[in-house]
There are 2 protein chains.
Amino acid sequence: MTKDMTPLLGYRLKLAQHALHRRMEEALKPLGLNPAQYAVLAELNARPDQTNADLAERAFITPQSMQGVLAKLEGLRLVERRQDVRHGRRQLARLTPDGYAKAEAANAEMMRVEEVLEAAVHPDTVQGAVDLMDRLHGAMCK
Amino acid sequence: MTKDMTPLLGYRLKLAQHALHRRMEEALKPLGLNPAQYAVLAELNARPDQTNADLAERAFITPQSMQGVLAKLEGLRLVERRQDVRHGRRQLARLTPDGYAKAEAANAEMMRVEEVLEAAVHPDTVQGAVDLMDRLHGAMCK
DNA sequence: GTGATAATATCAGGGGCCTGATATAATATA
DNA sequence: TATATTATATCAGGCCCCTGATATTATCAC
């Protein structure tokens with residue numbers, strides 16, 4: 001008979017991320033956003049005028065999926081897309097004033113979640129935890 | 001302007017789990033399984049005769065979602081469900097012989113992934129990494 | 001310059017998980 | 001016993017992300 005999976009590291013990693021995702025969803029719900037939408041707003045806040053393809057790559061989803069996210073955010077008037085003047089195909093996305101306000105509000109909520117997460121690393125250090133995550137990520141990507 | 005999110009622990013946690021999930025998907029693909037289906041087979045291998053509700057709770061998905069997973073596994077003749085003789089509503093799921101063989105094969109693949117993951121914790125210990133994940137999980141569930 | 005290749009956006013369809021609603025059987029309670 | 005509550009299964013519809021396919025524009029190779 002196969003051994004019980006619950007003590008395994010991969011299982012715990014999944015559990016922790018799942019709980020984080022739920023927590024983020026709950027925190028963003030009052031703002032009318034989901035984690036993917038928040039990620040786009042935060043990214044455009046940090047680096048305006050990115051293409052759909054750029055945003056998809058940074059968010060680790062396909063351009064087709066990001067297309068849907070951007071279309072939704074455009075419909076909510078949080079993001080606007082304008083033709084790149086020097087490129088007939090590219091459309092550069094940026095935050096509207098409403099989008100900027102929403103991004104700031106959402107970021108405050110996400111920072112609160114991050115603080116709770118970082119507090120839980122004790123007695124490890126945040127840097128130690130970050131390094132560990134990076135090693136796990138690297139091992140799974142090789 | 002909002003700070004860049006990439007150095008944050010939550011972001012790294014998401015990345016690591018995402019990579020693990022992809023790795024599991026790839027390893028299971030030749031067997032015709034996805035991670036959710038594997039989780040059910042492994043669970044039924046460890047503890048046969050569970051209800052849809054039991055399995056859903058252990059897998060952290062809704063009974064409605066598990067219903068779809070079980071229906072699929074039944075269609076593949078990897079799982080069978082029988083009426084609980086002492087309970088008119090419950091249906092107890094168990095592995096078929098094919099399901100058992102598939103569970104064993106999948107488990108071997110998953111163990112290989114787990115080994116790669118655990119090797120990456122160095123210079124930390126596996127137990128230290130597991131404990132960290134548990135603390136992060138606990139902090140996100142409170 | 002012309003044709004091949006790559007980049008970009010976007011449509012169509014599918015899979016997995018979700019919420020809401022419903023039906024049925026077991027269990028608790030009056 | 002009769003009724004209310006709980007547990008279980010399951011249908012319907014929606015959201016998010018996926019793959020595949022297509023159109024259009026840039027860019028590269030010759």
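The sequence lines fix the lettering, A, B, ..., with proteins before strands; numbering per chain opens at 1. Just so it is clear, the model here is predicted, and its values are computed rather than measured.
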When the distance from [atom1] of [X] to [atom2] of [N] is rounded to whole Å, what number comes out?
X       : N      : atom1 : atom2 : value
B:Ile61 : D:dT8  : CD1   : P     : 16 Å
A:Met66 : C:dT8  : CE    : P     : 14 Å
B:Gln50 : D:dA7  : CD    : P     : 17 Å
B:Glu25 : C:dG15 : CD    : P     : 14 Å
B:Gln83 : D:dT10 : CD    : P     : 9 Å
B:Lys29 : C:dG16 : NZ    : P     : 12 Å
A:Glu26 : C:dT19 : CD    : C1'   : 15 Å

Legend entry - Heavy-atom side-chain proximity of B:Asp84 to B:Arg89 below 4.5 angstrom: no
Inset, instruction - Measure from the side-chain heavy atoms of A:Asn52 and tell me the nearest of D:dT19, D:dT10, C:dT10. - result: C:dT10
Inset, instruction - Please tell me which of the listed nucleotides, C:dT10, D:dC18, C:dA9, lies nearest to the side chain of A:Ala53? - result: C:dA9
Legend entry - Salt-bridge contact B:Asp131-A:Arg12 (side-chain N to carboxylate O under 4.0 Å): no
Legend entry - Salt-bridge contact A:Arg47-A:Glu43 (side-chain N to carboxylate O under 4.0 Å): yes
Take atom [atom1] of [X] as the centre, draw a 6.0 Å sphere, and report whether it contains more than 12 heavy atoms from other residues, nucleotides or ligands.
X        : atom1 : value
B:Glu80  : CD    : yes
A:Glu57  : CD    : no
A:His122 : NE2   : no

Inset, instruction - Would you please test B:Arg90 and B:Gln83 for side-chain hydrogen bond (donor to acceptor under 3.5 Å, both in side chains) and show each step? - result: CA-CA 6 Å; B:Arg90 277 182 205 154; B:Gln83 198 79 31; over 6 Å; no
Legend entry - DNA chain D: 5'-proximal contact among B:Pro63 and A:Thr62 (nearest heavy atom): B:Pro63
With 3.5 Å as the limit, what N/O pairs link the protein to nucleotides 25-28 of chain C?
residue	atom	partner	partner atom	Å
C:dA25	O3'	B:Gly88	N	3.4
C:dA26	OP1	B:Gly88	N	2.7

Legend entry - Distance test, side-chain N/O of B:Gln91 to OP1/OP2 of D:dT10, below 4.0 Å: yes
Legend entry - Phosphate OP1/OP2 of D:dC17: any B:Arg22 side-chain N/O under 4.0 Å: no
Legend entry - Residue whose nearest DNA chain C nucleotide is more 5′ - B:Ser65 or A:Leu92: A:Leu92
Legend entry - Minimal non-hydrogen separation, A:Ala106 against A:Leu31, with atom names: CA-CD1, 3.4 Å
Polar pairs (N or O, both sides) under 3.5 Å between protein and nucleotides 11-16 of chain D?
residue	atom	partner	partner atom	Å
D:dC16	OP1	A:Asn34	ND2	2.3

Inset, instruction - Would you sort out whether B:Asp49 and B:Arg94 count as a salt bridge (charged side-chain N to carboxylate O under 4.0 Å, His left out), showing the intermediate values? - result: CA-CA 5 Å; B:Asp49 290 324; B:Arg94 62 175 60 177; 2.9 Å; yes
